[in-house]
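What follows is a single structure, written as structure tokens, with notes after it.
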Amino acid sequence: MGRGPRSGPYICGIDAALDVVSGKWKGLILWELNAHAVRRFAQLRRGLPGVSEKMLTQHLREMEADGLVHRKVYAEVPPKVEYSLTEHGRTLNRALGPLGDWGTQRIRREHSERVDMTDTHD
């Protein structure tokens, strides 16, 4: 599964936190799993327009190794795999809340466009 959890050395807590959420999609994966509790791979892809299968797989593996995401495999044919946040992932998502609020204010201030997500969430 690649490398295990990251372990520094770090300059400060921000450095350690950003190491775990670095990459365009990890914060959005956290957001999607927080909003829906449990998602299958295809549901995550639909909920994250623009993510490639390779990138989503890579990020989910890293997040699982970092203890943020739980991957549950059902012994069925075809295989069924579900992803959810661990408690560690939920605490990270709560910590990112103020950053998300800051970003929302920035979107408004800069009059930036937002992606319409109404069709991607069930």
Side-chain angles (χ1 to χ4, degrees):
M1 190 180 282
R3 62 184 181 174
R6 288 167 261 286
S7 59
Y10 297 114
I11 297 169
C12 64
I14 295 286
D15 186 20
L18 291 177
D19 188 28
V20 174
V21 295
S22 63
K24 177 179 180 177
W25 300 106
K26 288 184 182 177
L28 296 173
I29 293 167
L30 286 168
W31 172 77
E32 182 74 11
L33 290 176
N34 185 65
H36 297 282
V38 176
R39 294 306 248 177
R40 294 180 67 179
F41 187 85
Q43 292 173 311
L44 281 169
R45 273 208 68 195
R46 282 193 303 273
L48 304 171
V51 70
S52 69
E53 186 172 327
K54 179 184 176 190
M55 190 56 60
L56 182 56
T57 299
Q58 178 183 326
H59 282 330
L60 285 168
R61 285 181 180 158
E62 289 175 5
M63 294 171 79
E64 185 181 7
D66 287 331
L68 303 174
V69 169
H70 174 71
R71 181 178 184 262
K72 184 173 183 178
V73 180
Y74 294 88
E76 309 179 348
V77 177
K80 176 181 173 182
V81 180
E82 292 180 338
Y83 296 91
S84 59
L85 291 178
T86 63
E87 181 55 32
H88 190 54
R90 286 190 289 277
T91 62
L92 176 58
N93 209 35
R94 286 192 295 271
L96 290 173
L99 182 61
D101 294 341
W102 183 90
T104 298
Q105 291 172 10
R106 183 174 187 278
I107 289 168
R108 287 185 190 126
R109 185 180 62 249
E110 301 294 326
H111 306 292
S112 298
E113 289 186 44
R114 291 183 74 156
V115 174
D116 181 10
M117 299 298 290
T118 54
D119 294 337
T120 60
H121 289 84
D122 1 297

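- Pairing each heavy atom of Asp15 with each of Tyr10, the nearest pair is OD2-CA, 3.4 Å.
- Closest approach of Leu92 and Val20 over heavy atoms only: CD2-CG1, 4.2 Å.
- Every residue was checked against the side chain to side chain donor-acceptor pair (under 3.5 Å) condition with Arg40, not counting sequence neighbours, and none meets it.
- Shortest non-hydrogen contact noted between Asp66 and His88 is O-CD2, 3.6 Å.
- Note on Leu18 and Met63: same hydrophobic cluster, where clusters join Ile, Leu, Val, Met, Phe, Trp and Tyr whose side-chain heavy atoms are under 4.5 Å apart, directly or indirectly.
- Every residue two or more places apart in sequence or in another chain that forms a side chain to side chain contact (heavy atoms under 4.5 Å, CB included) with Leu28 is listed here: Trp25, Leu48.
- Taking NZ from Lys26 and CD from Glu62, the interatomic distance works out to 3.5 Å, rounded to the nearest 0.5 Å.
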Please output the side-chain donor-acceptor pairs of residues 97-109 that fall under 3.5 Å, not counting sequence neighbours, one pair per line with the distance.
from, atom 1, to, atom 2, distance (Å)
Thr104, OG1, Gly100, O, 3.1

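- A distance of 7.5 Å separates CZ in Arg71 from CZ in Arg61, rounded to the nearest 0.5 Å.
- Listed by first then second residue, pairs satisfying salt bridge (Lys or Arg N to Asp or Glu O under 4.0 Å) with a partner in residues 48-57 read Arg45-Glu53, not counting sequence neighbours.
- Contact record, Ala37 with Ser84: O-CB, 3.2 Å, taken as the closest heavy-atom pair.
- The cluster map of Ile, Leu, Val, Met, Phe, Trp and Tyr, joined by side-chain heavy atoms under 4.5 Å apart, puts Tyr83 and Met55 in the same cluster.
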With a cut-off of 3.5 Å and sequence neighbours excluded, list every side-chain donor-acceptor pair involving residues 72-81.
from, atom 1, to, atom 2, distance (Å)
Tyr74, OH, Glu82, OE1, 2.9

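- Crowding of Glu113 atom CD: a count of heavy atoms from other residues, nucleotides or ligands under 6.0 Å not exceeding 12.
- The heavy-atom pair separating Ser22 from Asp19 by the smallest distance is OG-O, 3.3 Å.
- If you take CG on Leu33 and CG on Leu85, they are separated by 4.5 Å, rounding to the nearest 0.5 Å.
- Between atom CZ of residue Phe41 and atom CZ of residue Arg46 there is a gap of 11.5 Å, rounded to the nearest 0.5 Å.
- From Arg39, atom CZ reaches atom CD of Glu32 across 5.0 Å, with rounding to the nearest 0.5 Å.
- The line from CG of Leu60 to CD1 of Ile29 is 4.5 Å long, rounded to the nearest 0.5 Å.
- Listed by first then second residue, pairs satisfying salt bridge (Lys or Arg N to Asp or Glu O under 4.0 Å) with a partner in residues 89-98 read Glu87-Arg90, Glu87-Arg94, not counting sequence neighbours.
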